[in-house]
Amino acid sequence: MSDCLFCRIVARQIPAEVVYEDDLALAFKDVDPQAPTHVLVVPKRHIPALSETTDDDAALLGHLQRVACRISKDNALSGGFRVVANNGRGAGQSVDHLHYHVLGGRAMKWPPG
Ligand code: AMP
């Protein structure tokens, strides 16, 4: 989608600090990090939100989580990390392109705010 921020990052029309890429996914540093490690993992295909996925996307969703694990290893987050998908405005989703936040490098509280 031409007007989607993360599609434009995937297309390299907007700069981002990319830390991982493959045929299906891109991972880049969040511009406003909420933890020492804060990486966003996105599918290259435009999907507006987790709730917009179908059973056909199950393998892709699994792949994105495997990428999140890879990010945790690359950043030596052996003490723990958090993977978050905000879905919908009420949950804090501000960019309508599916993404997983990978957060680590500090103690995490529960429940999240
Ligand atoms: P969410 O609020 O869950 O939709 O997450 C969107 C995330 O995208 C936020 O954590 C933002 O800081 C991040 N973000 C917004 N614009 C950019 C950008 N140009 N490059 C990297 N991260 C961004």
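Order of appearance sets the numbers: ligands from 1, and atoms from 1 within every ligand.
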Looking at every non-hydrogen atom in both residues, tell me the closest pair between [X] and [Y] and how far apart they are.
X: Ala25; Y: Val67; answer: CB-CG2, 4.3 Å
X: Ala68; Y: Val102; answer: CB-CG2, 3.7 Å
X: Asp22; Y: Tyr20; answer: OD2-OH, 2.7 Å
X: Ala49; Y: Gln93; answer: CB-OE1, 3.7 Å

Atom pair CZ (Arg70) and NE2 (His63), whose distance is rounded to the nearest 0.5 Å: 9.0 Å
Nearest-0.5 Å distance that lies between atom OG in Ser72 and atom CG in Asp74: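 Interatomic distance, Ser72 OG to Asp74 CG, rounded to 0.5 Å: 8.0 Å.
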Counting only nitrogen or oxygen atoms and a 3.5 angstrom limit, does [X] reach ligand 1?
X: Ser94; value: yes
X: Pro15; value: no
X: His99; value: yes
X: Gly92; value: yes
X: Ile14; value: no

Leu5 and ligand 1 - part of the residue with a heavy-atom distance under 4.0 Å: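 Looking at Leu5 and ligand 1, just side chain atoms fall under 4.0 Å.
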Ligand 1-proximal atoms of Tyr100, by part, heavy-atom distance under 4.0 Å: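 Within the 4.0 Å criterion, Tyr100 makes no contact with ligand 1.
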Atoms of ligand 1 close to [X] [distance to a heavy atom under 4.0 angstrom, numbered from 1]:
X: Lys29; value: 21 (C)
X: Asn86; value: 3 (O)
X: Phe28; value: 21 (C)
X: Asp32; value: 12 (O)
X: Phe6; value: 8 (O)

Residues Arg82, Trp110; criterion side chain to side chain contact (heavy atoms under 4.5 Å, CB included); working and verdict: CA-CA 11 Å; Arg82 184 167 287 173; Trp110 193 261; 3.5 Å; yes
Step-by-step side chain to side chain contact (heavy atoms under 4.5 Å, CB included) determination, Leu50 to Tyr100: CA-CA 9 Å; Leu50 188 59; Tyr100 287 115; 3.9 Å; yes
Note, Glu52 side chain near Asp57 side chain (heavy atom, < 4.5 Å): no
Side-chain heavy atoms of His97 within contact of Leu5, under 4.5 Å: no
Gln34 heavy atom under 4.0 Å from ligand 1: no
contact_flag His101 ligand 1 heavy-atom lt 4.0 Å: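 Yes, His101 has a heavy atom closer than 4.0 Å to ligand 1.
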Could you identify the single nearest non-hydrogen protein atom to [atom] and state the distance to 0.1 Å?
atom: atom 11 (C) of ligand 1; answer: Asp30 OD1, 3.4 Å
atom: atom 19 (N) of ligand 1; answer: Ile9 CD1, 3.9 Å
atom: atom 17 (C) of ligand 1; answer: Val31 CG1, 3.5 Å

CA sep, side-chain torsions, deciding dist, call: Ile71, Phe81, side chain to side chain contact (heavy atoms under 4.5 Å, CB included): CA-CA 10 Å; Ile71 300 300; Phe81 63 98; over 6 Å; no
